[in-house]
Undergrad: 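Mind looking over this structure? Questions follow.
Sequence lines set the chain letters: A, B, ... in the order given, protein chains first and strands last, and positions in each chain run from 1.
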Amino acid sequence: VGMMNVLILAYSGKKRYEDATRAYRKMRALGMEPTRTTYNTLIAMFARDSRTREAEGVLRQMQASGLYPDVYTYTSLLTAYGRAGRAEEAQAVFRDMVMCKIMPSPHSYTSLVDAYGRAGDAEKAERVFKEMTRKYPFHLPGYAALLGAYCREGVMDKAEDLLRRLVRLATVPAPGESAPMKLSPAVFNVVMGGYRKILDLDRVLFTFERMLAAGVDADQASFHVLIGAYAACGDYDGAVFAFREMVEVAGIVP
RNA sequence: GAGCCACUACAUUCUG
């Protein structure tokens, strides 16, 4: 069973839905009992692609086999509805989770923040974010999700404020910690992406520099945004330059 | 019994 789970996980990572579900069916045909991990893996696979219908189907099979959803299951369902732009249903899942005494993890909060962000409701995204930071003050994906919400709405001043707070947070160790929090390139990438969308190349570059100044290394996504920003603004020399920088730093071409 | 870590779940670009 463990080996089948690994196989299904491998398929799900490559988005081979047919193969993954076939492996799952074969499992049952061979008389093996799928575990919670089996179901969770399948649900997550569909969730990432906003295939809520299929995710729900797997959930029902999971329940039919007597297994209860856990925090992984619920978080994937949050992701499924969130990515599908169905924030209210994500909220319903969240309530359900709490009612069933499953403690939402930082992942869960992030998915719900993201759900509201995608639905264009930055207000509610903010509310969930605040709730998250009460329990998990330093969960970077949660910050990135809210930054993304602001960027999608084009309220870059709010994104700036939040990013500034984050950079400030990272200059000083948290209470009880010896080292300051290490920021991820992703939080900068999100903001760069927001500026790219409104074709503000200066701010994209400024944010990029700020990331380096904060001691954070640009990753592949950073360069993709950067190159895309140059291109979108018609600066092809800049794009080529950024591309060369990327290769020189160790990036690879997708 | 407790604490770290790892596992199936979270955010940013592109690809599919």
Undergrad: Less than 6.0 angstrom from the centroid, inside 45 degrees of the normal: does R244(A) satisfy that with respect to the ring of F241(A)?
TA: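 Output no; distance or angle outside limits.
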Undergrad: Which value, in whole Å, describes the distance between the P atoms of nucleotides rA6(B) and rC10(B)?
TA: 16 Å
Undergrad: Atom OH of Y68(A) to atom C1' of rA9(B): distance rounded to whole Å?
TA: 21 Å
Undergrad: Reading nucleotides 2-7 of chain B from the 5' end, what letters show protein touch, with B for base, S for backbone sugar-phosphate only, - for no heavy atom under 4.0 Å?
TA: -----B
Undergrad: Side-chain N or O of R48(A) less than 4.0 angstrom from OP1 or OP2 on rC10(B)?
TA: yes
Undergrad: Identify which nucleotide among rU8(B), rA9(B), rU12(B) has an atom closest to any side-chain atom of T75(A), counting heavy atoms from C-beta outward.
TA: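 Of the candidates, rA9(B) comes closest.
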Undergrad: Sorted by first residue and then second, give each salt bridge (Lys or Arg N to Asp or Glu O under 4.0 Å) pair with at least one member in residues 123-141 of chain A; sequence neighbours left out.
TA: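 Those involving residues 123-141 of chain A are E88(A)-K124(A), D121(A)-K124(A), E126(A)-K158(A).
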Undergrad: Determine the Euclidean distance between corresponding C1' atoms of rU13(B) and rA9(B); express it in Å to zero decimal places.
TA: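 These two C1' atoms come out 22 Å apart once rounded.
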Undergrad: From the list rA11(B), rU12(B), rA9(B), which nucleotide is the closest neighbour of the side chain of A144(A)?
TA: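 Of the options given, the side chain of A144(A) lies nearest rA11(B).
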Undergrad: Take atom CZ of F188(A) and atom C1' of rA11(B), then tell me their distance rounded to the nearest Å.
TA: 15 Å
Undergrad: Among rC10(B), rA9(B), rU13(B), which nucleotide sits nearest the side chain of S76(A)?
TA: rA9(B)
Undergrad: Please report, rounded to the nearest Å, how far the P atom of rU13(B) is from the CZ atom of R196(A).
TA: 7 Å
Undergrad: Expressed as a whole number of angstroms, how long is the span from L78(A):CG to rC10(B):P?
TA: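 That distance rounds to 11 Å.
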Undergrad: Which residue lies toward the 5' end of RNA chain B, D49(A) or T73(A), if each is placed at its nearest nucleotide?
TA: T73(A)
Undergrad: Is there a path of hydrophobic side-chain contacts, each under 4.5 Å between heavy atoms of I, L, V, M, F, W or Y residues, that connects V113(A) with V155(A)?
TA: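 In one cluster: yes.
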Undergrad: Examine rC10(B): is either OP1 or OP2 under 4.0 Å from a nitrogen or oxygen in the side chain of R83(A)? Give yes or no.
TA: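 R83(A) to rC10(B) OP1/OP2: no side-chain N or O under 4.0 Å.
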Undergrad: By a strict heavy-atom criterion of less than 4.0 Å, which residues belonging to residues 88-100 of chain A are in contact with RNA chain B?
TA: none
Undergrad: Provide, to the nearest angstrom, the distance between the CZ atom belonging to F223(A) and the C1' atom belonging to rU12(B).
TA: 15 Å
Undergrad: Using atom CG of L140(A) as one end and atom C1' of rC10(B) as the other, report the distance to the nearest whole Å.
TA: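 Spelled out: CG on L140(A) to C1' on rC10(B) is 12 Å.
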Undergrad: Can a side-chain donor-acceptor contact be found between T35(A) and N5(A) if the only test is distance below 3.5 angstrom?
TA: yes
Undergrad: Tell me the interatomic distance from N5(A), atom CG, to rU8(B), atom C1', rounded to whole angstroms.
TA: 8 Å
Undergrad: Any N or O donor-acceptor pair under 3.5 Å from the base of rC10(B) to the side chain of T110(A)?
TA: yes
Undergrad: Just checking Y116(A) against F129(A), ring centres under 6.0 Å apart?
TA: no
Undergrad: Among rC10(B), rA9(B), rU12(B), find the nucleotide with the atom closest to the side chain of A221(A).
TA: rU12(B)
Undergrad: Look at the side chain of H224(A) against the base of rC14(B) and say whether a donor-acceptor pair falls under 3.5 Å; ignore hydrogens and angles.
TA: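 Between rC14(B) and H224(A), which were checked side chain against base, a qualifying N/O pair under 3.5 Å is absent.
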Undergrad: Would you kindly give the CG-to-C1' distance between L183(A) and rA11(B), to the nearest whole Å?
TA: 14 Å
Undergrad: Among all residues two or more places apart in sequence or in another chain, which pass the side chain to side chain donor-acceptor pair (under 3.5 Å) test with R53(A)?
TA: E56(A)
Undergrad: Report the residues that fulfil side chain to side chain contact (heavy atoms under 4.5 Å, CB included) with R51(A), sequence neighbours left out, ordered by chain and then residue number.
TA: Y17(A), F46(A), D49(A), E54(A)
Undergrad: Any chance the side chains of S111(A) and D114(A) put a donor and an acceptor closer than 3.5 Å?
TA: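 Absent: no donor and acceptor within the cut-off.
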Undergrad: Kindly write out the residues that satisfy side chain to side chain contact (heavy atoms under 4.5 Å, CB included) with A90(A), not counting sequence neighbours, or none if the list is empty.
TA: L78(A), Y81(A), L112(A), A115(A)
Undergrad: Let me check something: do V190(A) and L199(A) share a hydrophobic cluster, defined by ILVMFWY side-chain heavy atoms less than 4.5 Å apart, either directly or through other members?
TA: no
Undergrad: How would you label the contact of T35(A) with the nucleic acid (heavy atoms, under 4.0 Å): base, sugar-phosphate, or nothing?
TA: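 Here T35(A) touches no strand at all.
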